[in-house]
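Attaching a single structure in structure tokens format; questions to follow.
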Number of protein chains: 2
Amino acid sequence: MLRLAKLTDYGTVIMTTLAQSKTRRSATDLASSASLPLDAARKVLKDLARAGLVQSERGAHGGYALARPATDISVTQIIEALEGPIALTECSIHDHRCEIEQSCGARSNWHLINRAVRMALDQVSLADLAVPGSGRIAALARRFAPPHAVSIPADSIQRMTQA
Amino acid sequence: MLRLAKLTDYGTVIMTTLAQSKTRRSATDLASSASLPLDAARKVLKDLARAGLVQSERGAHGGYALARPATDISVTQIIEALEGPIALTECSIHDHRCEIEQSCGARSNWHLINRAVRMALDQVSLADLAVPGSGRIAALARRFAPPHAVSIPADSIQRMTQA
DNA sequence: TATAATTAGGACCGATTAAGTCCTCTTTCA
DNA sequence: TGAAAGAGGACTTAATCGGTCCTAATTATA
Ligand code: FES
Ligand code: FES
């Protein structure tokens, strides 16, 4: 886990497609354009519409278009539209859902970590995502690098060079 | 999704417990100490041992202890020990596993985003996690805040105040 | 007005995966 | 030798995801 649902992935692909073409597009059109399973694309688009990220038009010549400029849509919003609030652990958001909350020394910290990840994703806009090799995203990633020299466990170096 | 597996959550709780007590602890002991299901705790500990994060001792009076100082164990390592490499999307790591790679405008960017999230988690050590309300984690979270004023979509403000 | 195109909404099922449980073997200490 | 403990893995159940399909509502146009 710690993986986006496939449908969410589809969602980002569809959204980037929409961000690039500025005319309204039908679900069929978008699915083939992104080579996604048609029904899956339909489902995703319905969810995106319900969340207000795309504007739908019914009937003949209907279709979908972005509801606002791509710069005003964040990756967080796409994710949350398709799979609900970002919550790395069960207790990250609703504090009273976690069974082991009493004895858990990590709860408040997971809260913070969750927020950090969310803020990171919040800063990536659909406009950034739509540009392959986006410089803004690269710059963002650079901001997350360790501040200065940090003790790096040996095996993590091996891991990093593999990746 | 975008949620840690429950067992991973257990893993962090167990690790924080281990980080606090400096003597070797048996699985039974740890499970009751953190009020986790015993068998689940056993499974988690076995995985942590295989990954080299804890050192196990068999036989009577055996048990588990951290394999290195808590400052040298990162949250990333715990996660990866229990649920494999962090890969937000299927294509984040193994480039040739993703079916829609051809038509995907988002691939290289997901790569970057994935790395950013991983680096963030890399910077949180078990020692940080073990201190409730850790100042270091809070500081880290602050580093991820948007650099300066940023246009915030109205509905995200509503979301933020709810959360 | 009839028809075709198109989204809305939801039901359904098969596949995958997670979570929990259990069993057997090996190691170590008393 | 027996009890305590971990190693390794099989198995079952529950949850969730991905994919498919059906029906209704809406709109343009022939
Ligand atoms: S994991 Fe939920 S309170 Fe700690
Ligand atoms: S989601 Fe895999 S290549 Fe884009």
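Keep in mind the model is a prediction, meaning the values are calculated, not measured.
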Taking CZ from R25(B) and P from dA4(D), how many angstroms apart are they, rounded to a whole number? 19 Å
Flag side-chain contact, heavy atom, 4.5 Å: W110(B) against T12(A): yes
Atom CZ of R42(B) to atom P of dC25(C): distance rounded to whole Å? 17 Å
Using atom CG of D47(A) as one end and atom P of dG19(D) as the other, report the distance to the nearest whole Å. 14 Å
Is R50(A) salt-bridged to D47(A), going by a charged N under 4.0 Å from an acidic O? yes
Between dA19(C) (P) and R3(B) (CZ): distance, integer Å: 11 Å
S56(B) vs dA7(D): side-chain N/O to OP1/OP2 distance below 4.0 Å: yes
Cut-off 3.5 Å, side chains only: do Q123(A) and R118(A) have a donor facing an acceptor? no
Closest of dT20(D), dG6(D), dA8(C) to the S26(B) side chain is dG6(D)
Taking CG from D39(B) and P from dG6(D), how many angstroms apart are they, rounded to a whole number? 12 Å
Report, one pair per line, the protein and nucleotides 8-18 of chain D atoms (nitrogen or oxygen only) whose separation is under 3.5 Å.
from	atom 1	to	atom 2	distance (Å)
dG8(D)	N7	K46(B)	NZ	2.7
dG8(D)	O6	K46(B)	NZ	3.3
dG18(D)	OP1	K6(A)	N	2.4

Taken to the nearest 0.5 Å, the spacing of L2(A) CG from L82(B) CG works out to 12.0 Å
I need the CG-C1' distance between L45(A) and dG9(C), as an integer number of Å. 14 Å
How many whole angstroms separate atom CZ of R24(B) from atom C1' of dT27(C)? 13 Å
Can you name the atoms? Protein N/O to nucleotides 27-30 of chain D N/O, anything below 3.5 Å, with the distance.
from	atom 1	to	atom 2	distance (Å)
dT27(D)	O2	A60(A)	N	3.0

Calculate the interatomic distance between Q55(B) atom CD and dA7(D) atom P; express it in whole Å. 11 Å
